[in-house]
Amino acid sequence: MASERYNPRTAEPKWQKAWAEAQLFETKTEAAGEKYYVLEMFPYPSGRIHMGHVRNYALGDVVARYKRAKGFNVLHPMGWDAFGMPAENAAMQNKVHPAKWTYENIETMRKQLKSMGLSLDWSREFATCDVEYYHRQQMLFLDMLDKGLAYRKKSKVNWDPVDMTVLANEQVIDGKGWRSGADVEQRELIQWFFKITDFADDLAAALDHLPNWPEKVRLMQKNWIGKSEGLMLRWALAADTAPEADAEVTVFTTRPDTLFGASFIAVAADHPLAAKAAESDPALAAFIAECRKTGTSAEALETAEKKGYRTAFEAIHPLDDSWRVPVYVANFVLMEYGTGAVFGCPAHDQRDLDFARKYGLPVKPVVLPPHEDPVAFSVGDKAYTDDGAIYNSDFLDGKTPDEAFEAVAEKLEATPLFGAPQATRKVNYRLRDWGVSRQRYWGCPIPVLHCPRCGVVPEKRQNLPVELPKDIDFDKPGNPLDRHPTWRKATCPQCGGDASRETDTMDTFVDSSWYFARFTAPHADEPTEPAAANAWLPVDQYIGGIEHAILHLLYSRFFVRAMKVCGHLDLDEPFKGLFTQGMVVHESYRDGREWVAPADVRIEEIDGQRSATRISTGAPIEIGGIEKMSKSKKNVVDPDDIIASYGADTARWFVLSDSPPDRDVIWTEAGVEGAHRFVQRLWRLVTETAEKLGGAGQSVAPGDTGLARDIRKLAHRTVAGVGDDIERLAFNKAIARVHELVNQLASAFGKLDVGDAGQAAAAREALSMLARVIAPMMPHLAEALWDELGEAGLAAAAPWPSVEASLLADDTVTLPVQINGKKRGDLTMPASAGKSDIEAAVLSLDFVSAALAGQAPKRLVVVPGRIVNVVV
RNA sequence: GCGGGUGUGGCGGAAUUGGUAGACGCGACGGACUCAAAAUCCGUUUCUGGUGACAGAGUGUCGGUUCGAGUCCGACCACCCGCACCA
């Protein structure tokens with residue numbers, strides 16, 4: 001019966017089953033059609049999906065379903081980013097094995113995702129904690145080791161002495177471990193690194209060739225890589241101040257053009273020269289110790305005052321050996337960047353200026369701003385960092401800073417100091433190599449052995465995988481692999497003697513750096529099947545949160561380069577198109593200090609004043625801000641509840657409506673209800689009209705006049721518009737168009753004459769188009785409508801409707817007519833009317849001749865198809 | 001501090017990139033149907049003045065370019081995001 005309400009609870013599982021049985025979404029690499037790879041960032045199996053997932057996967061599914069309808073061979077896989085700390089935390093807290101916890105979560109979340117009706121190829125599913133997956137990751141590691149892209153070095157880490165583990169920077173809060181609350185120590189450990197800096201230049205340069213990435217993300221990555229070109233510049237220390245002959249200090253500078261403005265050298269507290277000076281100066285030793293202390297808490301640096309300590313050393317100016325500058329140890333110089341030493345030019349660097357003012361050092365300007373008088377110009381408390389003309393600088397006078405840079409570089413490259421060039425050109429990056437060692441259990445074991453005779457030895461490929469032991473205890477802090485009774489014991493592949501396994505596991509960012517490649521051949525013995533990887537990659541449209549703008553995306557870009565070097569694929573960039581979606585946010589509610597979940601709150605509006613009460617007690621509740629859904633603020637809405645009461649289509653439609661997908665979307669109960677009303681309205685419109693039509697209009701060509709033509713125009717225009725909008729990922733606009741179509745069809749169908757075969761056929765065509773146009777967004781309802789309309793097959797397999805171009809053009813155009821730029825009326829003309837026809841018609845309009853009052857217009861602007869402006 | 005972005009009705013947001021500002025949705029108000037309610041349908045809804053046709057103002061603020069500016073240019077204000085002693 002057509003008058004029945006649409007019931008998603010019964011309809012949605014039915015269609016999901018039909019899709020699965022038809023294996024509609026299982027992709028064959030060799031199938032017909034141009035390839036299109038849509039991927040959303042795979043989820044961490046935390047337990048349940050949240051609204052952010054719903055939005056992310058709804059966005060991707062629209063693209064996947066639309067492209068499929070357009071005839072592309074679409075790859076749209078799903079998997080699980082399944083290694084990581086929460087599983088270990090759960091193990092410690094609930095005595096459940098990380099594997100069991102993880103796989104149970106995956107089970108739950110897979111079911112939830114399936115209830116969304118996503119067009120995913122589940123046959124390619126994997127979790128990164130599957131042995132089959134991390135086995136191949138270990139192969140990659142060995143390949144990278146072989147190519148010199150993985151190596152070990154000593155590095156400082158944040159060490160939590162209570163949990164006995166290494167913490168990431170984000171896990172250190174105010175110098176304390178986020179879990180234990182213990183003071184975090186800086187420890188030097190030998191760690192594994194990937195040589196991402198080998199590709200620093202390419203990673204930065206290639207960003208310019210990713211036009212389908214958000215500008216913002218490209219910029220963030222560029223800043224992160226932080227390329228700067230400069231000189232390594234050696235300064236001799238004056239022999240009478242230095243403890244040994246030929247002593248020198250090397251600085252890195254990007255501004256050799258300001259060398260004549262130098263007034264001091266500053267070295268980091270950890271610099272060898274500082275240590276040397278401190279040997280004979282206890283006060284300096286104390287200063288260095290103080291720097292180290294404040295150095296650990298990163299937040300303190302922000303406000304920390306620039307402090308320095310003057311050593312006895314003096315350096316000789318590279319361009320004037322009669323000129324000496326003092327050497328300071330300063331708290332603002334970083335040992336990790338450049339050489340750990342800088343020369344200060346206070347006039348043209350704010351930081352150097354602050355320092356110079358504090359210690360009374362000379363401030364000599366050497367770059368003259370345009371239109372400034374060289375005699376009068378001086379620097380106050382603001383350094384001049386812009387372009388200008390070099391002056392006060394001997395042979396550099398009159399040059400631009402760029403020219404002066406070159407001149408200094410050339411001269412000093414050719415000047416020997418203690419038998420080597422005084423300066424060499426050098427490109428420095430902010431980017432550091434990627435430390436991948438984690439002292440944890442639930443990660444991919446690093447497949448190497450430590451042999452007392454042979455040292456660090458890679459495990460043999462045929463001995464892989466190095467599997468995680470299953471019998472593990474989390475009773476004690478520290479890495480369970482370290483204290484496992486037998487797991488570490490192994491045989492050295494080189495000498496056959498006893499050796500012990502590496503107990504570090506890999507950062508989980510490694511797992512997610514190549515999963516998109518694995519999806520192209522998820523069951524291959526090798527990490528990839530190069531032919532499949534090359535056929536499918538790059539990912540045409542990648543969709544995920546902005547929070548991964550830097551690390552995940554940069555690491556993936558690095559991995560593709562490393563995998564190319566190792567012969568696993570032949571690809572320059574992993575993601576051709578990137579889209580970063582906004583968050584799902586919700587109003588928060590609180591009762592005093594306690595946060596209250598939206599489900600427990602009733603909202604009322606009286607005279608425009610919204611107020612909230614707790615449903616159970618009737619107590620008033622304070623309405624808080626609109627914030628990211630989070631458990632701590634309890635402003636979460638469970639997708640399961642929404643799908644159970646409204647259906648997946650309503651949830652999908654809602655998260656796609658209104659807000660542009662790159663902005664935050666505010667979840668509101670009223671909005672969901674509006675979406676659900678629309679679902680029902682569509683159902684009613686289609687079923688009632690179909691019933692009215694009966695068999696009328698079947699296998700008849702739609703009419704081309706009157707109402708039939710009007711109906712066809714509406715439908716064809718919507719198809720064209722929605723297609724454009726989806727291509728541009730403007731789903732909110734696509735939805736507005738569908739609303740418009742439904743509003744207009746509803747009114748047109750009111751006048752429908754079922755006896756007119758042309759009209760009936762036009763109505764049929766419009767409804768069939770409507771079903772296909774909503775299919776990417778509301779796939780279940782689309783199937784139900786498709787079925788009601790008596791169409792063959794599944795809507796999900798139906799091609800995108802083709803548009804008749806003749807129906808997009810108008811026969812007449814209505815031009816707004818302005819007088820002096822203000823709209824005063826309309827003029828309707830045949831679309832074919834020329835400029836002179838329009839001019840004549842405009843001048844004969846009543847309100848135009850009234851405004852002209854017999855005068856000729858000063859100007860008559862006619863933009864055909866757009867507007868007319870009469871200037872009087 | 002540096003870099004980037006955004007400011008449009010009560011709210012989320014449109015505006016074909018210089019051409020009718022406010023599409024579409026939410027909310028609100030009015031009406032129809034109903035004994036009544038829900039659901040549904042129809043209408044109104046930027047502000048000010050007017051019963052009204054209509055008039056005036058209006059896209060953060062001030063100025064400019066243009067026949068015409070939400071859109072371009074300059075200055076300022078507010079908010080958001082990223083980076084932060086990177087030499």
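The figures here come from the full heavy-atom set of this structure, side chains too, leaving out hydrogens, waters and symmetry mates. In what follows, chains are A, B, ... by sequence order, proteins preceding strands, each numbered from 1.
A close approach under 4.0 Å does not occur between any side-chain nitrogen or oxygen of A:R663 and OP1 or OP2 of B:C80. The phosphate of B:C24 (OP1 or OP2) has no side-chain N or O of A:N732 nearer than 4.0 angstrom. Between A:K822 and the phosphate of B:A57, there is a side-chain N or O to OP1/OP2 separation shorter than 4.0 Å. Checking the phosphate oxygens (OP1, OP2) of B:C41, a side-chain nitrogen or oxygen of A:R684 falls inside 4.0 Å. Taking 4.0 angstrom as the limit, A:N223 places none of its side-chain polar atoms (N or O) nearer than this to OP1 or OP2 of B:G4. A close approach under 4.0 Å does not occur between any side-chain nitrogen or oxygen of A:R432 and OP1 or OP2 of B:C86. One finds a side-chain N or O of A:R859 lying less than 4.0 angstrom from the OP1 or OP2 phosphate oxygen of B:C67. One finds a side-chain N or O of A:S228 lying less than 4.0 angstrom from the OP1 or OP2 phosphate oxygen of B:A87. In terms of phosphate contacts, A:R717 brings no side-chain nitrogen or oxygen within less than 4.0 Å of OP1 or OP2 of B:U16.
The distance between atom CZ of A:R824 and atom P of B:A55, rounded to the nearest whole Å, is 6 Å. Between the CZ atom of A:F355 and the P atom of B:G1 there is a distance of 23 Å, given to the nearest Å. The CZ atom of A:R677 sits 13 Å away from the C1' atom of B:A38 (whole-angstrom rounding). The CG-P distance, from A:L353 to B:A87, rounds to 17 Å in whole Å. Spacing between atom NZ of A:K227 and atom C1' of B:G3 amounts to 19 Å, rounded to whole angstrom units. Taking atom NZ on A:K358 and atom P on B:C85, their separation rounds to 18 Å, with Å as the unit. To the nearest angstrom, P of B:C41 lies 11 Å from CD of A:Q680. A:D662 places its CG atom 14 Å from the C1' atom of B:G12, with the value rounded to the nearest Å.
Across all strands, A:V863 comes closer than 4.0 Å to base atoms (heavy-atom distances). A:K858 comes within 4.0 angstrom of no nucleic acid atom, judged by non-hydrogen atoms across all strands. Using a 4.0 Å heavy-atom criterion, one finds that A:N743 contacts the sugar-phosphate atoms exclusively. Residue A:Q818 is in base contact, counting any heavy-atom pair closer than 4.0 Å across all strands shown.
Comparing B:C83 with B:U71, their P atoms sit 32 Å apart, to the nearest whole Å. Nucleotides B:C29 and B:C47 have their P atoms positioned 15 Å apart, rounded to a whole Å. When the P atom is used for both B:G19 and B:A78, the distance is 31 Å, rounded to whole Å. Across B:U8 and B:G13, the matching C1' atoms stand 9 Å from one another, rounded to whole Å.
Taking the six-membered ring for Trp, A:F264 and A:Y359 have ring centres at least 6.0 Å apart.
Closest contact between the side chain of A:F252 and the listed nucleotides B:U20, B:C41, B:A87 involves B:A87.
When Watson-Crick and G-U wobble pairs are counted only if both distances are under 3.5 Å, B:U65 pairs with no nucleotide at all. With a cut-off of 3.5 Å on both pairing distances, the Watson-Crick or G-U wobble partner of B:A28 is B:U44. B:U6 is paired with B:A78 under the Watson-Crick or G-U wobble criterion, all donor-acceptor distances under 3.5 Å.
For B:G9, the O4'-C1' to base torsion is within 90° of 0; the nucleotide is therefore syn. Base orientation of B:U17: syn, the glycosidic angle falling within 90° of 0.
Counting all heavy atoms, side chain and backbone alike, A:P365 lies closest to A:A347 at CA-CB, 3.5 Å.
At a cut-off of 3.5 Å, with distance as the only test, no side-chain donor of A:N428 or A:S228 sits close to an acceptor on the other residue.
Residue-to-nucleotide proximity on RNA chain B shows that, of A:S747 and A:G821, the 5′-proximal contact is made by A:S747. Residue-to-nucleotide proximity on RNA chain B shows that, of A:N820 and A:E673, the 5′-proximal contact is made by A:E673.
The pair A:D725-A:R737 counts as a salt bridge, with a side-chain nitrogen and a carboxylate oxygen less than 4.0 angstrom apart. Taking the charged nitrogens against the carboxylate oxygens, A:K222 and A:D208 do have a contact shorter than 4.0 Å, which makes a salt bridge. The pair A:R425-A:E406 counts as a salt bridge, with a side-chain nitrogen and a carboxylate oxygen less than 4.0 angstrom apart.
A:H317 contributes a side-chain N or O that, together with a main-chain N or O of A:L259, makes up a donor-acceptor pair within less than 3.5 Å.
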